[in-house]
Amino acid sequence: MTLKPKHLLLTLLMALPLASITFAQEDEEAEQEELQEEEPGITDYIEMDPPFVTHVGEPGTRLTYLKAAVTIRASRETTRPAVEAHMPRLRHELVMLFGEQTDTDRLSGNEGQQALREEAASRINAVLEEQQTGESITGVLFTEFVVQK
C-alpha cells in the first residue's frame, strides 16, 4: 500500500507538534544542566595554616616583612582533597610569590593586594592543572595582611 501525497502531508502535519514538544523539552533540560554547572551552590573555604611570613622589598635595603593569612575559595566539594594533597607545593609557590614582591608601597594599597591575590590564585590553579587534578580554585582571600617596614 502506497501513501498518497495527501495522506503523507496529513501524517506530517500531525507529527510536527509532537516533534516540537520533544525538542523543546530537550532544550529546557540542556539549559537546566548549564545553569547547574554555572551555579554549583557551594563555597568551600580552605585555610592555609600557618600564615605566611617572609621578607619583601628591594635587595640590599632595610628588611621589610610581609605577614599574610591566606584562605582559598573553592566552588566544588572535590577541590578540598586536591588542595590538601598538594598543600606543600601550593605553600611553596606562595612563599616564592611573596618573596618576589619588591614594591612595598604598592603592597600597602588595595590595587597591589588585589593583583597579588589574582597572581596567587593563578599560581595555585597552575599547580592543580600541572598535577592533573581536574580541579581549580575560584579565589584567594587574605584574612590577615600586614606589611612591616
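Source: prediction; values computed, not measured. Nothing fancy with the numbering, it's 1 onward along the sequence.
Taking the side chain as every heavy atom from C-beta outward, Lys67 and Phe145 never approach each other to under 4.5 Å. Side-chain atoms of Ile124 and Leu94, non-hydrogen and from C-beta on, do get closer than 4.5 Å to each other. Under the 4.5 Å side-chain criterion, counting only non-hydrogen atoms from C-beta, Pro59 is not in contact with Thr61. Contact of the Pro50 side chain with the Arg91 side chain is registered, since non-hydrogen atoms from C-beta on lie closer than 4.5 Å. In this structure, Thr143 and Val70 have side chains that are not in contact, with every pair of non-hydrogen atoms separated by 4.5 Å or more. A heavy-atom distance below 4.5 Å is not found between the side chains of Arg73 and Val140. You'll find the side chain of Leu97 reaches within 4.5 Å of the side chain of Glu119, heavy atoms only.
Asp44 pairs by the salt bridge (charged side-chain N to carboxylate O under 4.0 Å, His left out) definition with Arg80, not counting sequence neighbours.
A donor atom on one side chain and an acceptor atom on the other are not found under 3.5 Å apart for Thr71 and Glu47. Between the side chains of Thr64 and Gln148, no donor N or O sits under 3.5 Å from an acceptor N or O.
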Q. Taking it one step at a time, do Glu135 and Thr78 satisfy side chain to side chain contact (heavy atoms under 4.5 Å, CB included)?
A. CA-CA 7 Å; Glu135 300 294 332; Thr78 55; 2.7 Å; yes

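Both Met96 and Leu107 are members of a single hydrophobic cluster when ILVMFWY side chains are connected at heavy-atom separations under 4.5 Å. The hydrophobic clustering, which links ILVMFWY residues whose side-chain heavy atoms are closer than 4.5 Å, places Leu141 and Val95 apart. Side-chain heavy atoms closer than 4.5 Å link hydrophobic residues (I, L, V, M, F, W, Y) into clusters, and following such links, even through other members, never connects Met48 to Val53.
Environment of CD in Glu84: crowded, with over 12 heavy atoms of neighbouring residues, nucleotides or ligands closer than 6.0 Å.
Put simply, the side chain of Thr133 gets close to the backbone of Leu128: a donor and an acceptor are under 3.5 Å apart.
The two atoms that bring Ala85 and Pro88 nearest to each other are O-CD, 4.4 Å, heavy atoms only. Taking both residues in full, the closest heavy atoms of Gly57 and Thr104 are given as CA-CG2, 3.8 Å, listed atom of the first, atom of the second, then distance. A pairwise comparison of heavy atoms in Pro51 and Ala69 identifies CB-CA, 4.0 Å as the closest pair. Closest heavy-atom contact between Ala74 and Ile46: CB-CD1, 4.4 Å. Here the closest heavy-atom approach between residue Ile42 and residue Ser75 is recorded as CG1-O, 3.2 Å.
Here the OG atom belonging to Ser122 is positioned 13.5 Å from the CZ atom belonging to Arg117, to the nearest 0.5 angstrom.
Evaluation of the salt bridge (charged side-chain N to carboxylate O under 4.0 Å, His left out) test over residues 100-116, restricted to residues two or more places apart or in two chains, returns Glu100-Arg123, Asp105-Lys149. Residue pairs meeting the ring-ring contact (aromatic ring centres under 6.0 Å, His included) criterion with at least one partner in residues 44-72, sequence neighbours excluded, are Phe52-Phe98.
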